Each structure stands twice: as C-alpha cells, then as structure tokens.
Q: 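The structure under discussion is supplied below as structure tokens; questions concerning it will follow.
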Amino acid sequence: MNFNDFGIDSASLAGSLESRLAAAKRAGFTQIMISAADIVGHPQDTETAVRAIRASGLSVTGLEALRDFEGLNGRMHDYKVDVAKSMLNLCDRIQSRLLLTEASSSSHADTDPEKIAQDLRKLAFLALPKGIRIAFKGLSWSRTVKDFVSAADIIALADCPNLGLAIDVFDVIAAGIPLDDLDAIFTPRVFLVQLSDFMLQEVRGTEEQLTTASHFRVFPGEGAHSDILSKFVVKLEDNGYFGNYSFDVYNTDYLQMPPEEIAQRARRAADWLGETVLRRTLPVPNMARLKSVD
C-alpha cells in the first residue's frame, strides 16, 4: 500500500507536539496537519516547535486555521490581515505549502459574494510570493459561506491560481449535502479533503452539530456513516481528485488515550479507505494510482 496521500491532524492526538509527531511517524504516516497553536503554544518556544516539525521526517499537509477573515471592514479587516500575515509566516517556517481558511461565523461579516471574493483574493496574493496555497472551507454554521458548493462559487469569483477549496466530509454528512453536488465543482480546485465520521445517526440542529464536530468525531470506518463517506470519496476521485486526505478527528475521549493508540486507529482508517474503498495498490510507472475496474 502507498499511504502517502493520507495524513493525520495533530489535533486528533494527545500529548506533546514531539510525541504526536513521533506517533504519526510510527503509524506509517508521511504527512501531518499542524495547528498554529501547536507551534506558538510550545512550552519552550516557537523555534523549538518549528525544529521539531522539520526534523520529524513528516511533511506538513497544511497549517490550520485562519478564521473569520473575509467580509470585515475597517480596522477589523486590517487586524485580520495582520493575523493572516503572521500565519503565512508560520506556514513558511514549517515548510507548509497550504493554509486552511474557514468561512466566517462573525456577525459583523458582510455576506456579499463580491466582498468575500475580494478579501480572499487579497489573502491569496499575500500567500503567492511564499508559494503557499489557500484552501477555503465553507461551514454550515458560517454567516458567509455554508457549504463547499457556495465556497467553490466564491473561489471562481476570486479567480486566483493559489486559491482553492477544502472539503470537510463531516460537514457534508452532518448537513445531508447530496453526493451529486460534487458535480457542480471544478475538481482541480479542491486542495484538501478532511475525513471523519460520527456515531450519531443524525445531528439535530446547529448546536448539536457544533458539539459533535468539536468533541465526538471518529475515524472513517468507525462511525455510523461509512457507506455515504465511502461513496463520497469514490465519487470525488472518479471526478478527478488526486490530492491529500487528512483525518481531522476531534474527539475528547481520544485525547485521554495514548497518541500511539489513536495513530493506529487512523492507520486502520487509511487501510480501510485504501484497500477496500479506493482499492489502491502500489504505484506503477507514470501512474499516481490504479483505479478499480468494475
């Protein structure tokens, strides 16, 4: 198996930054999603965190997450631009080529698509000299952009080569977004897909969705929605997606367990997706992966 397309989010693991990096590496992963808090919150200093990441042997899937950036005006906008510049510098220091940006939930955010596209265009231009891509993610509880189709429309409006889409499959399942909505997006503009499931058969209302998203996600293959998750991933790849997958499993219970155990759960999820759902095999010359033939 080639697992290089699968990574784990450091927020899925408990312990020090160093122990989480080591657990992901021992489980066979080659990449990891890093939170800015992992770096600036290191008990020694930021430089120590940067060295640990760069020495881990893991590539960085991306840095997360710039929030509530778009749709603001005046001094609030200027403040967020300063935050964005700082996060782009962190991206560069850990050799991450992607910054995840989540749609705003601020009550002060303008919902005009032209304004949102203008702000994201500015962010993309700030990232361009550093060779960093911006992956924009819609959120069902956002004030500005509630799903990946709406996010894709904004990205098309902004029209920047380094501005693309992040899709969180948890949000897709929880919000009941139809599979066919994937046909409405330009797949090469998808820069990142985040994977997780949950145990509830359904989430009832925004509050329960937020609570589940923040505390009760599980890995693909462990939850109640394996069928729809697998169909979504297969359709996404059939539509031409060849990018990275990140297991972003935020689970309060998992944070009370050794990081090695949780990393192994992630490895089993990668096994299930690679061998059963996507039926991947070892790479052969001039091919990124072999597609199953029905």
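Since the structure is predicted, the reported quantities are computational estimates derived from the model, not experimental observations. Just the heavy atoms: all of them, side chains too, but no hydrogens, waters or symmetry mates, feed the values below. The first residue in the sequence is number 1, and the count goes up from there.
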Q: Run the numbers on Glu202 and His225 for side-chain hydrogen bond (donor to acceptor under 3.5 Å, both in side chains), then give the verdict.
A: CA-CA 9 Å; Glu202 62 177 342; His225 308 277; over 6 Å; no

Q: With ring centroids as reference points, do Phe170 and Phe198 lie under 6.0 angstrom apart?
A: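 Phe170 vs Phe198: aromatic centres under 6.0 Å.
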
Q: A side-chain contact here means heavy atoms from C-beta on lying under 4.5 Å apart; do Asp183 and Asn239 qualify?
A: yes

Q: Quick check: does any side chain N or O of Ser196 sit under 3.5 Å from a backbone N or O of Val249, one acting as donor and the other as acceptor?
A: no

Q: Main chain of Lys231, side chain of Lys235: is a donor-acceptor contact present, judged purely on distance under 3.5 Å?
A: no

Q: Report yes or no: do Ser106 and Ser104 form a side-chain donor-acceptor pair below 3.5 Å?
A: no

Q: Judged by modelled atom types alone, do Glu70 and His77 share a side-chain donor-acceptor pair under 3.5 Å?
A: no

Q: Is there a donor in the side chain of Thr48 and an acceptor in the side chain of Asp45, or the other way round, less than 3.5 Å apart?
A: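 Looking only at side-chain atoms, Asp45 and Thr48 do form a donor-acceptor pair, the distance falling under 3.5 Å.
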
Q: Without swapping roles, check the side chain of Ser230 against the backbone of Ser226 for a donor-acceptor pair under 3.5 Å.
A: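 Answer holds: yes.
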
Q: Hey, is the main chain of Ile132 close enough, under 3.5 Å, to the side chain of Arg97 for a donor-acceptor pair?
A: no

Q: Applying side chain to side chain contact (heavy atoms under 4.5 Å, CB included) to Gln209 and Ser140, what does each step give before you reach the verdict?
A: CA-CA 9 Å; Gln209 184 172 341; Ser140 60; 2.7 Å; yes

Q: Between Leu229 and Val172, is the side chain to side chain contact (heavy atoms under 4.5 Å, CB included) condition met? List the steps.
A: CA-CA 9 Å; Leu229 187 150; Val172 172; over 6 Å; no

Q: Which residues satisfy the salt bridge (charged side-chain N to carboxylate O under 4.0 Å, His left out) test with Lys85, sequence neighbours excluded?
A: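 Checked Lys85 against salt bridge (charged side-chain N to carboxylate O under 4.0 Å, His left out); zero matches.
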
Q: Within the 3.5 Å criterion, strictly below it, is a donor on Thr61 or Asn244 matched to an acceptor on the partner's side chain?
A: no

Q: Determine whether the side chains of Asn4 and Gln31 contain a donor N or O and an acceptor N or O closer than 3.5 Å.
A: no

Q: Would you call the rings of Phe148 and Phe232 parallel, tilted or perpendicular, where under 30° means parallel and over 60° means perpendicular?
A: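 Correct class here is perpendicular.
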
Q: Are Asp153 and Ser150 close enough that a side-chain donor and a side-chain acceptor fall under 3.5 Å?
A: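 Side-chain D/A pair, Asp153 to Ser150: absent.
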
Q: Could you tell me whether a side-chain N or O of Arg54 sits under 3.5 Å from a main-chain N or O of Ile94, the two making a donor and an acceptor?
A: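 No, because the side chain of Arg54 does not come within donor-acceptor range (under 3.5 Å) of the backbone of Ile94.
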
Q: How many angstroms lie between CD in Gln264 and CD in Glu260, if you round to the nearest 0.5 Å?
A: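 Reported to 0.5 Å precision, the distance equals 9.0 Å.
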
Q: Run the ring pair (Phe, Tyr, Trp, His ring centres under 6.0 Å) test against Tyr254 and tell me which residues pass, sequence neighbours left out.
A: Phe219

Q: Please assess Ile185 against Ile167 for the test side chain to side chain contact (heavy atoms under 4.5 Å, CB included), listing each intermediate value before the final yes or no.
A: CA-CA 11 Å; Ile185 65 173; Ile167 299 177; 4.0 Å; yes

Q: Decide side chain to side chain contact (heavy atoms under 4.5 Å, CB included) for Met87 and Leu99; before the verdict, give the C-alpha distance in whole Å, the side-chain angles of both, and the deciding distance to 0.1 Å.
A: CA-CA 8 Å; Met87 293 193 71; Leu99 174 64; 3.9 Å; yes

Q: Any donor and acceptor pair, going by atom type alone, linking the side chain of Ser246 with main-chain N or O of Asp248 inside 3.5 Å?
A: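 No, the answer is negative, given that no donor and acceptor are paired below the 3.5 Å cut-off.
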
Q: Can we say Arg121 and Asp159 salt-bridge, meaning some charged N sits less than 4.0 Å from an Asp/Glu carboxylate O?
A: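 A salt bridge is absent here (no side-chain N lies under 4.0 Å from a carboxylate O).
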
Q: Go through the steps to decide whether Lys80 and Asp68 satisfy the test salt bridge (Lys or Arg N to Asp or Glu O under 4.0 Å), and finish with yes or no.
A: CA-CA 8 Å; Lys80 278 297 181 180; Asp68 298 325; 5.1 Å; no

Q: Asp171 vs Lys146, test: salt bridge (Lys or Arg N to Asp or Glu O under 4.0 Å). Steps then yes/no.
A: CA-CA 10 Å; Asp171 294 334; Lys146 295 185 176 296; over 6 Å; no

